[in-house]
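Values reported hereafter were calculated over all heavy atoms of this structure, with side chains retained and with hydrogens, waters and symmetry mates removed. Nothing fancy with the numbering, it's 1 onward along the sequence.
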Amino acid sequence: MLTSDLSDGFFEAVTATSDTLGCAPLDLLGVMMNESGVKAAAHNPNGDASGLIQFMPQTLVNLGWTEGHDAFRSLSAEEQMPFVERYFTPYVHQDLSSAARLYQATFLPATLGLGSGFDVVICDKDGLNSFAYGPNQGFDRDHKGSITVGDLQAAVDRACQGLRWDEIAGRANGTFADGVIDLTVTSGVQAALAALGYDPGPVDGRSGPRTVGAIAQFQSDNGLSESDGDLGDETRSALGAALDGIGVSHTGF
């Protein structure tokens, strides 16, 4: 199990906090994934950013933690969740309904009033919030000289890949139980495809173009009569057989 550091209580806290913030749990977890890998002990020595959303030392003090950043990193992810909620709560009235908005509140909360469109510039190399551009220019993958809300979303999307993320997403949405993949739900099909080496995108229960494309490729590779990403019993059964072949437990088919 790749997420033994994350308790069931942590996921319950993520769900409760997301309800308070008005966001989806996977969006909040996605921001944590990009910031820390959803690891409570994560530490960036450049400024001593610490924990799930990389709290700066003064931010921790402002949130009521007075024992220092080293001690904060010794807390479990579940124990850090009250501070995550405390951090975001003041911004609830500014709409935190997407991963991009949550990340905006983490990165440059003063820019929340500028809007949520993906083309909204939140810092510019030679203008708005120029102080933030240099240390964070990795967000600007197109080298346009600015960082936009869309760049933040893209960073989250890039981070939400790999087996640890698949397990985190599965535990968050209830489709992962001790490594068992549920082939009756979309997120389980996504997890199966990922385990078999396909690219269905994030395991988020949403059947987007990448998921449909991965299903179609699996169908073609296995000579199924179901095709074009249409998901039926034949495809689910074939996924089950393929998982059996690599020793991955599953239910449903």
Inset, instruction - Not counting sequence neighbours, which residues clear ring pair (Phe, Tyr, Trp, His ring centres under 6.0 Å) with Y91? List them please. - result: Y87
Inset, instruction - Would you please test S225 and E234 for side chain to side chain donor-acceptor pair (under 3.5 Å) and show each step? - result: CA-CA 8 Å; S225 60; E234 181 190 26; 2.7 Å; yes
Legend entry - Side-chain heavy atoms of V38 within contact of L6, under 4.5 Å: yes
Legend entry - Results of salt bridge (Lys or Arg N to Asp or Glu O under 4.0 Å) for D199 - residues two or more places apart only: R210
Inset, instruction - Check the hydrophobic clustering (I, L, V, M, F, W, Y; side-chain heavy atoms under 4.5 Å; chains of links allowed) and say if F118 and L96 are grouped together. - result: yes
Legend entry - Approximate separation, where rounding is to 0.5 Å, of S220 OG and I215 CD1: 13.5 Å
Legend entry - Which atom of E78 lies closest to which atom of S7, heavy atoms considered: OE1-OG, 2.6 Å
Inset, instruction - List for me each residue that meets ring pair (Phe, Tyr, Trp, His ring centres under 6.0 Å) alongside Y198, sequence neighbours excluded, and say none if there are none. - result: F218
Legend entry - Pairs satisfying side-chain hydrogen bond (donor to acceptor under 3.5 Å, both in side chains), at least one member in residues 105-129, at least two apart: Q104-T111
Inset, instruction - Please lay out, stage by stage, how I181 and T251 fare under the test side chain to side chain contact (heavy atoms under 4.5 Å, CB included). - result: CA-CA 6 Å; I181 292 175; T251 61; over 6 Å; no
Inset, instruction - Can you see which heavy atom on A195 is nearest to which on L243, and at what distance? - result: CB-CD2, 4.2 Å
Legend entry - Main-chain N/O of S97 paired to D95 side chain as donor or acceptor, under 3.5 Å: yes
Legend entry - side-chain hydrogen bond (donor to acceptor under 3.5 Å, both in side chains) against D5, all qualifying residues, sequence neighbours excluded: R164
Legend entry - Intermediate values then yes/no, side chain to side chain donor-acceptor pair (under 3.5 Å), Q54 and S36: CA-CA 7 Å; Q54 293 293 275; S36 68; 5.5 Å; no
Inset, instruction - Show the numbers, then the answer: is there a side chain to side chain contact (heavy atoms under 4.5 Å, CB included) between L152 and I122? - result: CA-CA 10 Å; L152 302 184; I122 57 175; 3.6 Å; yes
Inset, instruction - Nearest 0.5 Å please: distance from the CZ atom of R86 over to the CG atom of L63. - result: 6.5 Å
Inset, instruction - Kindly write out the residues that satisfy salt bridge (Lys or Arg N to Asp or Glu O under 4.0 Å) with D70, not counting sequence neighbours, or none if the list is empty. - result: R73
Legend entry - Path from M81 to V92 over hydrophobic side-chain contacts below 4.5 Å: yes
Inset, instruction - Give the C-alpha distance, both sets of side-chain angles, the deciding distance and a yes or no for side chain to side chain contact (heavy atoms under 4.5 Å, CB included) between T186 and V189. - result: CA-CA 5 Å; T186 299; V189 170; 5.5 Å; no
Legend entry - Pairs where residues 13-69 contributes a residue and the test ring-ring contact (aromatic ring centres under 6.0 Å, His included) is met, not counting sequence neighbours: H43-H69, F55-F72, W65-F72, W65-F83
Inset, instruction - Return yes if some donor-acceptor pair links the side-chain N/O of Q219 with the main-chain N/O of D230 below 3.5 Å, else return no. - result: yes
Legend entry - Neighbour count above 12 (heavy atom, 6.0 Å) for D19 CG: yes
Legend entry - Trace of the side chain to side chain contact (heavy atoms under 4.5 Å, CB included) decision for T15 with F11: CA-CA 6 Å; T15 297; F11 287 97; 5.6 Å; no
Legend entry - Shortest non-hydrogen contact between A40 and L52, atoms and distance: N-CD2, 4.0 Å
Legend entry - Backbone of S76 reached by a side-chain donor or acceptor of E79 within 3.5 Å: yes
Inset, instruction - State which residues pass ring pair (Phe, Tyr, Trp, His ring centres under 6.0 Å) with F107; sequence neighbours excluded, sorted by chain then number. - result: F139
Legend entry - Side-chain (T89) to main-chain (E85) donor-acceptor, under 3.5 angstrom: yes
Inset, instruction - Could you tell me whether the side chain of S18 and the main chain of A16 form a donor-acceptor pair under 3.5 Å? - result: no
Inset, instruction - Quick one: list whatever passes salt bridge (Lys or Arg N to Asp or Glu O under 4.0 Å) with K144, sequence neighbours left out. - result: D140, D151
Legend entry - Donor-acceptor contact below 3.5 Å, side chain Q80 vs main chain A77: no
Legend entry - Expected output: side-chain E226 to main-chain G232 donor-acceptor under 3.5 Å: yes
Inset, instruction - Of all the heavy-atom pairs spanning E67 and A71, show the shortest one and how long it is. - result: O-CB, 3.5 Å
Inset, instruction - Identify the heavy atoms of G47 and P57 that sit nearest to each other, and give their distance. - result: O-CD, 3.2 Å
Inset, instruction - Just jot down the salt bridge (Lys or Arg N to Asp or Glu O under 4.0 Å) partners of R158, sequence neighbours excluded, or say none. - result: none
Legend entry - Heavy-atom pair of closest approach, residues R236 and V185: NH1-N, 4.0 Å
Please list every donor-acceptor pair under 3.5 Å in which a side-chain atom of residues 22-34 meets a protein atom from a residue at least two apart or in another chain.
from : atom 1 : to   : atom 2 : distance (Å)
N34  : ND2    : Y103 : OH     : 2.5

Inset, instruction - With sequence neighbours excluded, tell me which residues meet ring pair (Phe, Tyr, Trp, His ring centres under 6.0 Å) with F88. - result: none
Inset, instruction - To the nearest 0.5 Å, tell me how far D233 CG sits from L183 CG. - result: 11.0 Å
Inset, instruction - Would you kindly confirm whether L193 and V212 end up in one hydrophobic cluster when ILVMFWY residues are joined by side chain heavy atoms under 4.5 Å apart? - result: no
Inset, instruction - Evaluate the side-chain proximity of D182 to H250: yes if any heavy-atom separation is below 4.5 Å, no if none is. - result: no
Inset, instruction - Could you tell me whether the side chain of L102 reaches within less than 4.5 Å of the side chain of I53, counting heavy atoms only? - result: no
Legend entry - R141 side chain vs A154 backbone, donor-acceptor pair below 3.5 Å: no
Inset, instruction - Could you point out which residue of L128, V149, V121, L108 forms a side-chain contact (heavy atoms from CB on, under 4.5 Å) with L114? - result: L128
